[in-house]
*Asks:* 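So that we are looking at the same thing, I have put the structure below in structure tokens.
These numbers come from the heavy atoms of this one structure, side chains and all, not from hydrogens, waters or symmetry mates. Chain letters run A, B, ... following the sequence lines, proteins first, then strands; residues in each count from 1.
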Amino acid sequence: MTVNTASARPESPYPPYDPLAVERKWQARWIERGTNHVDVRAAKRPYYQLMMFPYPSAEGLHVGNLYAFTGNDIHGRWHRMQGYDVLEPFGYDAFGIHSENFALKQGIHPGTLIPRNIANFRRQVDRAGLMIDWRHQVDTTDPAYYKWTQWVFTTLFKRGLVYRKGGAVNWCPNDKTVLANEQVEGGKCERCGAVVEQRVMEQWYFKISDYSEQLLKDLDEIDWSDSTKIAQRNWIGKSEGARITFRVLDPLGAAGMAAVSVTSEMSSSEYAIPVFTTRPDTIYGATFLVVAPEHPLLDAITTDEERASVRAYQERAKKQDLVTRKTSKEKTGAFTGAYAANPATGKPIPIWTADYVLMEYGTGAIMAVPGHDQRDFDFAKQYGLPIERVVAASGDTARTPLTSAYEDNENGTLVNSEQFSGLSVAVAKKRIVEALAPVHAEAKANYRLHDWCVSRQRYWGPPIPMVHCAKCGPQPVPDDQLPVLLPHIDDFKPDDSGVSPLARHKDWYETKCPKCGADARRETDVSDTFLDSAWYFLRYPSVPDQSAPFDAALTKKWLPVDSYIGGNEHAVLHLLYCRFVTRVLHEAGLISFWSPFKRFRAHGLIIREGAKMSKSKGNVVNPDEYFDTTGADAFRTYLMFIGPFEEGGDFRDSGISGVRRFLDRLWASVQVATKNGEPDRDVMRKLHQTIKKVSEDIPRLSYNTAIAMMMEYINVLRRGERAPHRAEVEPLVQLVAPFAPHVAEELWELLGYTKSIFDSGWPAYDARLVAAETIELVVQINGKTRGSVTVAPDVSQDDAFAAARAHATVGKFITGEPKKLILVRGRLLNVVL
RNA sequence: GCGGGGAUGGCGAAACUGGUAGACGCAAGGGACUUAAAAUCCCUUGGGGGUAACCCCAUCCGGGUUCGAGUCCCGGUCCCCGCACCA
């Protein structure tokens with residue numbers, strides 16, 4: 001018979017595949033039956049399948065979100081079919097500047113806007129057919145959630161990991177807020193384009209830098225995507241080197257080693273400037289010292305003659321935003337008039353200030369070695385400072401002139417370095433530090449990782465749970481007074497004051513000191529959104545219980561997260577903060593594990609028709625359109641089919657028809673399947689090969705090849721004019737289920753089952769059936785493929801050669817006795833003549 | 001500059017620890033069905049040569065290792081993504 005499918009022809013023997021009706025039916029039935037519920041307390045084989053929760057934008061679910069969610073859902077559904085109790089929760093990262101700016105633009109309060117967006121997201125997530133147990137939902141803007149975000153803050157505070165510091169920050173005069181360096185592009189605010197300024201502000205910081213080494217070491221132990229681990233390593237940025245201290249000399253320099261006269265509070269000691277360097281071996285080439293314009297000693301060491309120009313230079317540096325300053329290659333600076341002694345030579349070298357030295361890295365001061373550092377070289381050229389060679393490449397002599405810095409850190413021999421001349425760079429590094437130690441030098445590692453600034457001068461975030469008391473200093477809000485509710489205010493627009501809009505509400509910020517009871521003032525800044533998301537995975541299993549941030553028994557049972565899937569755009573900050581918070585809570589004895597996720601995999605990026613998707617280009621995929629036309633099942637399956645999940649792919653509208661046809665054929669095959677007769681041998685072999693392939697591919701997220709194999713199978717199944725046997729289609733429906741859950745449920749019901757297909761287990765394959773009876777053995781002559789012979793899989797080398805020689809087209813290439821025969825079992829025979 | 005990933009038909013892509021390059025899908029062309037179109041079904045489809053059986057060339061470029069290289073090694077080009085005056 002000829003199988004007709006989706007056509008609405010009246011004579012069609014079965015109903016056409018109507019994805020919309022099927023999806024509506026099963027979405028309703030899953031709710032009705034509680035199919036997606038997991039009993040978190042009774043679960044026997046808990047499996048925590050987590051995806052990164054989205055920011056609920058007004059535009060609705062982005063196809064990039066859906067891509068991640070679908071990949072995650074397939075993994076979760078598959079585990080469920082393996083017999084696990086799978087918790088696949090969903091939540092919303094709904095605080096933050098995104099929501100707030102959008103609210104300002106629309107003139108709607110974020111408190112009104114966010115619930116609306118969340119409702120829309122929920123609707124879309126349900127239409128996508130995700131296996132969400134909504135009883136374990138999280139919303140970061142819900143006081144029942146951020147109560148515990150505040151608790152995380154005070155817990156860190158009590159452990160001495162939170163402090164206040166004034167520092168230079170990027171300030172957007174338009175958004176009226178502090179920006180992270182990542183939010184500044186080319187000196188402008190990435191969001192509004194306003195030119196960013198530098199401001200000094202008091203902010204709250206988390207001491208994540210105390211954990212630099214620990215967080216670096218932990219990376220060796222965890223099963224995460226390599227790309228993510230590498231990004232984190234780079235971000236932590238460990239460099240090994242030395243801290244070397246330079247003594248500041250009398251302003252005249254030539255007058256010898258006498259200390260500079262100093263101000264009252266520091267009068268007893270000489271000034272000394274420590275520097276960090278990765279090249280202690282080049283100290284003989286250190287011809288000057290440079291300190292950052294913000295260096296605390298700069299003012300004190302500057303001579304009266306130079307004071308005016310140094311001040312002017314500092315002013316100038318301040319006006320620049322931090323990013324431009326960091327990226328412009330132009331070298332500028334000013335001489336302080338002071339000199340320091342090079343601890344290796346004892347000779348005086350001038351001290352300069354320049355903005356190419358950053359206060360926030362190392363000690364904010366460097367020893368400049370223009371011969372071996374290009375930046376120092378450029379600076380020396382600019383100001384006519386001496387350049388000396390202290391490392392020679394092979395072929396160079398001590399006097400070979402330098403036209404640019406020779407920076408090679410591995411090869412080369414020291415020259416012009418007194419008793420160290422002749423040593424290799426590697427050996428000299430050690431010896432010189434030893435020789436200068438302990439007074440002038442010590443070996444030291446430095447990290448790029450900075451402390452985490454958690455203050456935001458905005459409205460739409462959890463208030464930082466601190467109270468400022470004139471007598472007691474900053475005090476954490478006691479646990480029993482949490483949450484500090486974010487008040488509903490209408491004037492939430494930030495202004496120029498540099499403080500949060502909350503600071504305009506006296507009735508809110510006036511409070512009593514929790515320690516002494518005196519009048520005190522609440523902290524009016526809110527915390528960074530990244531704090532909301534740094535611990536949310538701990539909360540899910542325990543929702544809705546409110547007696548603790550996370551229930552001890554449930555946490556023991558469900559955490560750490562078994563599988564976490566998300567985008568690499570969060571490779572650094574979010575995932576690093578999760579590790580940090582988990583580490584700290586572990587040290588506090590609150591959780592037994594130190595790593596939040598057993599396994600993390602980064603998914604790829606979806607582009608469209610070869611181009612990045614963006615609102616301005618108008619090429620954004622709106623999932624609703626596809627849900628309405630081709631159905632969620634085909635859409636999901638297509639998303640997974642376009643490329644390797646971990647690499648992403650190119651979304652093309654034309655491609656969806658392929659998977660839709662596949663589902664149509666599946667539908668048709670099951671409709672006409674019969675119980676009569678016997679299943680076909682070859683079809684069953686292919687089926688078992690397919691089960692094997694899909695079972696291997698899903699856990700490694702090779703969804704595209706799993707789908708391809710199922711397509712191959714359906715092509716085999718539909719060959720010829722026979723109706724398929726039920727035994728040939730039933731397992732296929734199960735294989736398809738994680739990808740296209742609605743249609744699989746429908747067909748499963750059609751096959752006579754009353755329970756959900758997701759509780760039907762997973763088909764097993766028969767290894768004996770997978771193996772073929774005969775194989776096509778490829779024959780190569782001198783490595784060149786000439787054809788193939790049909791033989792038994794375990795054919796001997798001699799028999800294979802005999803078959804090859806007897807073969808019509810292959811045989812004629814065998815002109816003499818072979819020098820060598822290479823038989824690769826099941827693959828090929830190479831005849832070397 | 002540093003770090004990561006990549007380059008395979010007209011297109012998205014397959015190819016397990018080196019073993020028939022292009023599975024699967026899209027698009028295109030042809031055919032069946034139809035009054036017609038759509039849908040569906042069947043066939044063809046990397047390039048070149050040959051009536052044909054077949055043969056030659058082909059995985060960014062140039063070398064190398066190997067019986068055999070898309071895959072491994074050395075050198076180079078181009079593209080994408082991070083980070084970036086980090087001493």
*Asks:* Think A:Lys612 has a side-chain N or O under 4.0 angstrom from the OP1 or OP2 of B:rC81?
*Replies:*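 Indeed, a polar side-chain atom of A:Lys612 lies that close.
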*Asks:* Is it the case that A:Lys819 and A:Asn782 place a side-chain donor and acceptor less than 3.5 Å from each other?
*Replies:*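 Their side chains do not contain a donor-acceptor pair, so the 3.5 Å distance test is not met.
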*Asks:* Tell which nucleotide pairs with B:rG1, taking only Watson-Crick or G-U wobble pairs whose two distances are both under 3.5 angstrom.
*Replies:*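 Across any shown strand, B:rG1 pairs with B:rC83.
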*Asks:* By the 4.0 Å heavy-atom rule, please label A:Arg233 as base, sugar-phosphate, or nothing.
*Replies:*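 A:Arg233: no heavy atom of the nucleic acid under 4.0 Å.
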*Asks:* It should be established whether A:Thr785 places a side-chain nitrogen or oxygen under 4.0 Å from OP1 or OP2 of nucleotide B:rA21.
*Replies:*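 Answer yes for this pair, as a side-chain N or O of A:Thr785 is under 4.0 Å from OP1 or OP2.
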*Asks:* For A:Asn234 and B:rC86, is the shortest distance between a side-chain N/O and OP1 or OP2 below 4.0 Å?
*Replies:*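 Checking A:Asn234 against B:rC86: no side-chain N or O falls below 4.0 Å of OP1 or OP2.
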*Asks:* Taking B:rA15 as the reference, what is the distance to B:rA21 when you measure between their C1' atoms (whole Å, please)?
*Replies:*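 Pairwise C1' distance, B:rA21 against B:rA15, rounds to 7 Å.
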*Asks:* Can you measure A:Phe662 atom CZ to B:rC26 atom C1' for me and round it to whole angstrom units?
*Replies:*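 Computing the A:Phe662:CZ to B:rC26:C1' distance gives 16 Å.
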*Asks:* Hey, are A:Arg700 and A:Glu696 close enough for a salt bridge, meaning a charged N less than 4.0 Å from a carboxylate O?
*Replies:*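 No, A:Arg700 and A:Glu696 are not salt-bridged.
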*Asks:* With the sugar-phosphate defined as primed atoms, P, OP1 and OP2, and the base as all remaining atoms, what B/S/- string results for nucleotides 42-47 of chain B, 5' to 3', for protein heavy atoms under 4.0 Å?
*Replies:* ------
*Asks:* Ignoring hydrogens and angles, state whether a donor on the side chain of A:Tyr626 or A:Asp653 is under 3.5 Å from an acceptor on the partner side chain.
*Replies:*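 Side chains of A:Tyr626 and A:Asp653: pair found under 3.5 Å.
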*Asks:* When we call it a touch if two heavy atoms are under 4.0 Å apart, what does A:Asn704 touch: a base, just sugar-phosphate, or nothing?
*Replies:*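 Sugar-phosphate contact only.
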*Asks:* List, with names and distances, any nitrogen or oxygen atoms from the protein found under 3.5 Å away from nitrogen or oxygen atoms belonging to nucleotides 62-67 of chain B.
*Replies:*
{"residue": "B:rC67", "atom": "O2'", "partner": "A:Asn830", "partner atom": "ND2", "Å": "3.4"}
{"residue": "B:rC67", "atom": "O2", "partner": "A:Asn830", "partner atom": "ND2", "Å": "2.1"}

*Asks:* Rounded to whole angstroms, how far apart are CZ on A:Arg661 and C1' on B:rA38?
*Replies:*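 Result: 12 Å.
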*Asks:* I'd like the C1' distance from B:rC74 over to B:rG22, given in whole Å.
*Replies:*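 The same atom, C1', in both gives a distance of 28 Å.
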*Asks:* Which nucleotide, in any strand shown, forms a Watson-Crick or G-U wobble pair with B:rU20, with both distances under 3.5 Å?
*Replies:*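 Across any shown strand, B:rU20 pairs with none.
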*Asks:* Any side-chain to backbone donor/acceptor pair from A:Asp633 onto A:Val743? Under 3.5 Å, distance only.
*Replies:*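 Such a contact is found between A:Asp633 side chain and A:Val743 backbone.
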*Asks:* If you assign A:Ser657 and A:Gly649 each to the RNA chain B nucleotide with the nearest heavy atom, which residue ends up on the more 5' nucleotide?
*Replies:*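 The residue closer to the strand's 5' end, by nearest nucleotide, is A:Gly649.
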*Asks:* Establish, yes or no, whether the cationic atom of A:Arg601 lies under 6.0 Å from the six-membered ring centre of A:Trp224 and within 45° of the ring axis.
*Replies:*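 Judged by the rule, A:Arg601 and A:Trp224 form no cation-pi pair.
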*Asks:* Answer with yes or no whether the side chains of A:Tyr313 and A:Thr332 bring together a donor and an acceptor at under 3.5 Å.
*Replies:*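 Yes - a donor-acceptor pair under 3.5 Å links their side chains.
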*Asks:* When you compare the side chains of A:Tyr356 and A:Asp376, does any donor N or O come within less than 3.5 Å of an acceptor on the partner?
*Replies:*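 On atom types as modelled, these side chains qualify, holding a pair under 3.5 Å.
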*Asks:* Base, sugar-phosphate alone, or nothing: which one does A:Thr705 contact when heavy atoms must sit under 4.0 Å apart?
*Replies:*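 Sugar-phosphate: the residue A:Thr705, judged by heavy atoms under 4.0 Å, touches backbone atoms but no base.
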*Asks:* B:rG9: syn or anti, with syn meaning chi within 90° of zero?
*Replies:*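 The base of B:rG9 is oriented syn (glycosidic angle within 90° of 0).
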*Asks:* Nearest to the side chain of A:Trp235, which nucleotide is it out of B:rC85, B:rC24, B:rC83?
*Replies:*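 When the side chain of A:Trp235 is considered, B:rC83 is the closest of B:rC85, B:rC24, B:rC83.
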*Asks:* Any chance the side chains of A:Thr790 and A:Glu776 put a donor and an acceptor closer than 3.5 Å?
*Replies:*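 A pair is found: one side chain offers a donor N or O, the other an acceptor, under 3.5 Å apart.
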*Asks:* Determine whether the aromatic ring centres of residues A:Phe739 and A:Phe641 are separated by less than 6.0 angstrom.
*Replies:*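 For A:Phe641 and A:Phe739, the ring centres are not under 6.0 Å apart.
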*Asks:* Side chain of A:Arg448 only, please: which of B:rA23, B:rC26, B:rA84 is the nearest?
*Replies:*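 Among the listed nucleotides, the one closest to the side chain of A:Arg448 is B:rA84.
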*Asks:* We want to know whether A:Ser239 and A:Asn446 form a side-chain donor-acceptor pair, criterion being a heavy-atom distance below 3.5 angstrom.
*Replies:*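 Note: A:Ser239 and A:Asn446 side chains miss the donor-acceptor criterion.
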*Asks:* Can you check the distance between B:rA27 and B:rG12, where both ends of the measurement are the C1' atom (answer in whole Å)?
*Replies:*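 Here B:rA27 and B:rG12 have their C1' atoms 11 Å from each other.
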*Asks:* What is the nucleic acid contact for A:Asp378, judged by heavy atoms within less than 4.0 Å: base, sugar-phosphate only, or nothing?
*Replies:*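 No contact.
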*Asks:* For nucleotides 54-59 of chain B, just jot down a letter per nucleotide in 5' to 3' order: B, S or -, based on protein non-hydrogen atoms under 4.0 Å.
*Replies:* SSSS--
*Asks:* Check this for me: does any side-chain nitrogen of one of A:Arg718 and A:Glu712 sit under 4.0 Å from a carboxylate oxygen of the other?
*Replies:*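 Looking at A:Arg718 and A:Glu712, the cut-off is not met.
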*Asks:* Provide, to the nearest angstrom, the distance between the CD atom belonging to A:Glu647 and the C1' atom belonging to B:rC79.
*Replies:*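 In whole Å, B:rC79 C1' lies 15 Å from A:Glu647 CD.
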*Asks:* Between A:Leu639 (CG) and B:rG12 (C1'), how many Å, whole number?
*Replies:*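 After rounding, the gap between these two atoms is 13 Å.
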*Asks:* Does a side chain donor of either A:Tyr447 or A:Glu213 reach within less than 3.5 Å of an acceptor in the other side chain?
*Replies:*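 Yes.
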*Asks:* For A:His372 and B:rG1, give me the distance from atom NE2 to atom P, rounded to whole Å.
*Replies:*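 Taking NE2 of A:His372 and P of B:rG1, I get 21 Å after rounding.
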*Asks:* Looking at every strand, decide which applies to A:Leu828 at a 4.0 Å heavy-atom threshold: base, sugar-phosphate, or nothing.
*Replies:*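 Base, at least one base heavy atom under 4.0 Å.
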*Asks:* Expressed in angstrom and rounded to an integer, what is the separation of A:Arg375 atom CZ from B:rA87 atom P?
*Replies:*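 Answer to the nearest Å: 7 Å.
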*Asks:* Starting from C1' on B:rG12, measure out to CZ on A:Arg652 and report it in whole angstrom.
*Replies:*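 The answer, rounded to whole Å, is 6 Å.
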*Asks:* Between C1' on B:rC2 and CD on A:Gln374, what's the gap in Å once rounded to a whole number?
*Replies:*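 In whole Å, B:rC2 C1' lies 15 Å from A:Gln374 CD.
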*Asks:* At under 4.0 Å between heavy atoms, what does A:Glu776 touch on the DNA or RNA strands: base, sugar-phosphate, or nothing?
*Replies:*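 Base, at least one base heavy atom under 4.0 Å.
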